[in-house]
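Values below: every heavy atom of this structure, side chains too, minus hydrogens, waters and symmetry copies.
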Amino acid sequence: MKHLIIGGVAGGATAAARLRRLSEHDEIILFEKGPYISYANCGLPYYIGDVIKPRNKLFVQTVQGIHQRFCIDVRTNQEVIAIDRSKKEVSVKKTDSGEVYTESYDKLIMAPGAEPVRPPLEGIDNPKIFTLRNVDDTDRIKTFIDTAKPKHAVVIGGGFIGLEMTENLYRQGIRVHLVEMSKQVMPPLDFAMSAIIHHHLNNKGILLTFEDGVDHFETAADKLVVLLKSGKKIITDFALLSIGIRPDVNLAKAAGLTIGITGGIQVNQHMQTSDPDIYAVGDAVEVLNTVINKPALIALAGPANKQARIAADHIILNSEKSYPGSIGTNVAKIFDLTAGSAGSNVKTLKKENIPHSSSYVHLGSHAGYYPDAQMICIKILFAPDTGRLLGAHIVGMEGVDKRIEMCAEVIKRNGTIYDLTVLEHAYAPPYSSAKDPVNIAGFVAENILNKLVQTIQWHELKDLPDDVVKIDVRTPDEIKSTGAMPGFINIPVDELRDRMQEIPKDKPIILTCAIGLRGYIAYRILAQNGYANIRNLSGGYRTWYMATTPVKDFDSN
């Protein structure tokens, strides 16, 4: 049989290697319109920041290497420009000469990936405006930095690439101003979790402008001028445009393949398109989001590799192994922080009218008596009736990656917060506590579902009626050193039993502490002494402070 693969990098190169391992004598041809077939896409920002120094470290496999090891006919700088499904052949254009030829196939795998969104704004063709998607983009940015020696940059977009580039430009001694159309960075996270990142970025000297977009670009002498919709103006040396990607479906659409409701190529569980002899994998395909049970675009390298293996197995082995969908598990390094999420967020759950409850915990990344434990913040979302875990968001300096993976496995199995309470983890003082933060997150949610506590969220505090009694149960010294919340009186939890006469039973009561634990203890004391209308602030003062304290958002240079 003869197999053609369109596109390299994660999906295409993985499919090619798997096909060969399963069938030694089939003909396999891989087309890549660029010069590189398999490179570390996710590593590109770190090469720009000199974290990865040798350029050749970016390349997972070379043309010569993949041909030598797998006997695959790799054709770089050759773009497939059309698919004739009736003839089962493709038209290929050599990008250097413009020559066009055809190649037949028995099975075809498409891995065209995605392309950066570049809106038709006035001035957007300025050579000082860059995008980052491939090695050529990387080389252009790196060359500009090395030759022009810029001192200031504007990063437009606060997603994964925008954040990673912010850090790596900073590492090059460049002052960065990040502009984001929404109210937060890292869209998969809920706002209060992203707010932790906002303060960390500010502490590093990164300026942040939220809820403002680019209107157009101008030039002034040797500077680029970024004009925002608000009328604000940023004068800079260059800009990086990172406002999202869209699936590259032009070829599939022209071939008459079905495009899904999300704009990605529609595939079945074996990664077959609407033409059973054509498969598609990677960033261009539409997959099932198993939390909301709807199609979604999930552009991540892990899913692309798994999809490629499933497609190859189905082609050669007629395997019934299927791709189950994705929950979008992700993780990112932002300076000293690590942030990750799995499953859904509040915005999506509200859009899909999926009932949900939430809770926050702030705990040490390992045993407190072992040196250098770092705060780790966890928010989980769960069904208020069954306790099904719908999403997890984690931000901290240590151990975030393993905790998000623990939660992801529960979400993928349609597990519940009760599964979190019994999740078995590897424990030693340098790595965790006897009760891991993920277990604690489960315990807190279990208390909510079992009505041992009623909670209130940070954003609900501003709408409280005047008769609510608000009590901060921290110590006076804590409040003096970290700050107080407006309208809260101070009754330390250890004095609560002796001062209950100060608390009316006929009024609603809101409790808070530093992170929520002492507020819960105070809640249980009051609830068992005749107080009925009580709520504890989820995540305590720490969550409220992070979510409500403004960040430094503009400097006109």
Side-chain angles (χ1 to χ4, degrees), residues 183-186 189-204 334-341 346 357-366 368 372-381 392-400 403-404 433 435-441 443-445 447-448 453-462 464 470-493 510-523 535-551:
K183 65 179 183 178
Q184 67 174 81
V185 300
M186 206 167 176
L189 293 179
D190 284 336
F191 176 78
M193 301 300 285
S194 286
I196 301 170
I197 302 171
H198 301 167
H199 289 282
H200 188 64
L201 290 169
N202 258 185
N203 289 339
K204 293 293 183 180
I334 306 106
F335 290 94
D336 305 318
L337 287 179
T338 300
S341 68
V346 167
S357 297
S358 63
S359 63
Y360 296 86
V361 297
H362 305 271
L363 296 158
S365 56
H366 60 248
D372 302 324
Q374 303 290 334
M375 182 69 75
I376 188 168
C377 308
I378 302 177
K379 178 181 183 180
I380 60 173
L381 299 160
H393 307 181
I394 308 180
V395 179
M397 292 187 178
E398 179 185 79
V400 169
R403 269 64 182 234
I404 203 64
S433 298
K435 292 182 287 188
D436 189 81
V438 170
N439 297 138
I440 300 294
F443 295 149
V444 170
N447 287 338
I448 293 171
V453 64
Q454 291 188 63
T455 59
I456 185 171
Q457 302 299 323
W458 65 269
H459 56 85
E460 297 176 302
L461 293 181
K462 66 182 188 306
L464 293 175
K470 295 179 282 189
I471 304 172
D472 190 328
V473 300
R474 293 178 292 163
T475 66
D477 287 344
E478 283 181 86
I479 294 173
K480 184 177 180 180
S481 64
T482 61
M485 296 172 64
F488 276 74
I489 61 173
N490 180 218
I491 303 178
V493 65
I510 302 296
L511 299 168
T512 191
C513 61
I515 59 174
L517 174 59
R518 282 171 292 174
Y520 168 65
I521 294 170
Y523 183 104
R535 286 187 289 174
N536 182 36
L537 177 61
S538 185
Y541 176 83
R542 180 181 176 87
T543 295
W544 174 85
Y545 177 85
M546 286 292 178
T548 61
T549 304
V551 294

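- Checking side-chain atoms of Asp336 against main-chain N and O of Met397 turns up no donor-acceptor pair under 3.5 Å.
- When all heavy atoms of Pro476 and Asn490 are compared, the pair lying nearest together is CG-OD1, 3.4 Å.
- Interatomic distance, Tyr520 OH to Ile448 CD1, rounded to the nearest 0.5 Å: 10.0 Å.
- Taking each heavy atom of Gly519 and Asn536 in turn, the nearest pair found is CA-OD1, 3.3 Å.
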Apply the test side chain to side chain contact (heavy atoms under 4.5 Å, CB included) to residues Ile521 and Val473: give CA-CA distance (whole Å), side-chain angles for both, the deciding distance (0.1 Å), then the verdict. CA-CA 10 Å; Ile521 294 170; Val473 300; over 6 Å; no
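- Using a 4.5 Å cut-off on side-chain heavy atoms (C-beta onward), Lys379 and Thr543 make no contact.
- Nearest heavy-atom pair across Ile378 and Ala441 is CG2-CB, 4.2 Å.
- To the nearest 0.5 Å, the span separating CD1 on Ile440 from NZ on Lys435 amounts to 4.5 Å.
- Judged as a ring pair (Phe, Tyr, Trp, His ring centres under 6.0 Å), and not counting sequence neighbours, Phe443 has no contacts.
- Val400 and Gly340 make their closest contact through CG1-N, 4.0 Å (heavy atoms, listed as atom of the first residue, atom of the second, distance).
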Apply side chain to side chain contact (heavy atoms under 4.5 Å, CB included) to the pair Lys470 and Leu461, showing each step before the final yes or no. CA-CA 10 Å; Lys470 295 179 282 189; Leu461 293 181; 5.7 Å; no
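- By the ring pair (Phe, Tyr, Trp, His ring centres under 6.0 Å) test, His366 is found to be paired with Tyr370, residues two or more places apart in sequence or in another chain being considered.
- Side-chain atoms of Ser481 come within 3.5 Å of backbone N or O of Glu478 as a donor-acceptor pair.
- No donor-acceptor pair under 3.5 Å is formed between the side chain of Ser341 and the backbone N or O of Leu189.
- Panel note: side chain Ser194, backbone Val185; a donor-acceptor pair is recorded below 3.5 Å.
- To the nearest 0.5 angstrom, Lys480 atom NZ is 12.5 Å from Thr482 atom OG1.
- Between Phe191 and Trp458, the angle of the ring planes lies from 30° to 60°, which puts this pair in the tilted group.
- Counting heavy atoms from C-beta on, the side chains of Ile196 and Cys377 come closer than 4.5 Å.
- Here the side chain of Arg403 pairs no donor or acceptor atom with the backbone of Asp436 at under 3.5 angstrom.
- Under a cut-off of 6.0 angstrom, the local environment of CZ in Phe335 is crowded, with over 12 non-hydrogen atoms contributed by other residues, nucleotides or ligands.
- With hydrogens and angles ignored, the 3.5 Å screen pairs no side-chain donor or acceptor of Tyr360 with any backbone N or O of Arg542.
- Atom CG of Leu337 and atom CD1 of Ile394 lie 13.5 Å apart (nearest 0.5 Å).
- Distance alone, capped at 3.5 Å, places no donor-acceptor pair between the Tyr541 side chain and the Thr512 backbone.
- No side-chain heavy atom of Val551 sits under 4.5 Å from any side-chain heavy atom of Leu201.
- Proximity of a side-chain donor or acceptor of His393 to a complementary backbone N or O of Asp190 within less than 3.5 Å is detected.
- Rounding to the nearest 0.5 angstrom, the gap separating the CD1 atom in Ile376 from the NE2 atom in His362 is 11.5 Å.
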Could you go through Arg535 and Leu464, starting from their C-alpha distance and side-chain angles, then the distance that decides it, and tell me whether this counts as side chain to side chain contact (heavy atoms under 4.5 Å, CB included)? CA-CA 12 Å; Arg535 286 187 289 174; Leu464 293 175; 3.9 Å; yes
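- For the atom pair Leu537 CG and Gln457 CD, the distance stands at 7.5 Å (nearest 0.5 Å).
- A pairwise comparison of heavy atoms in Ser358 and Ser538 identifies O-OG, 4.5 Å as the closest pair.
- Heavy atoms only, all atoms of each residue included: Pro437 and Leu363 are closest at CA-CD1, 3.7 Å.
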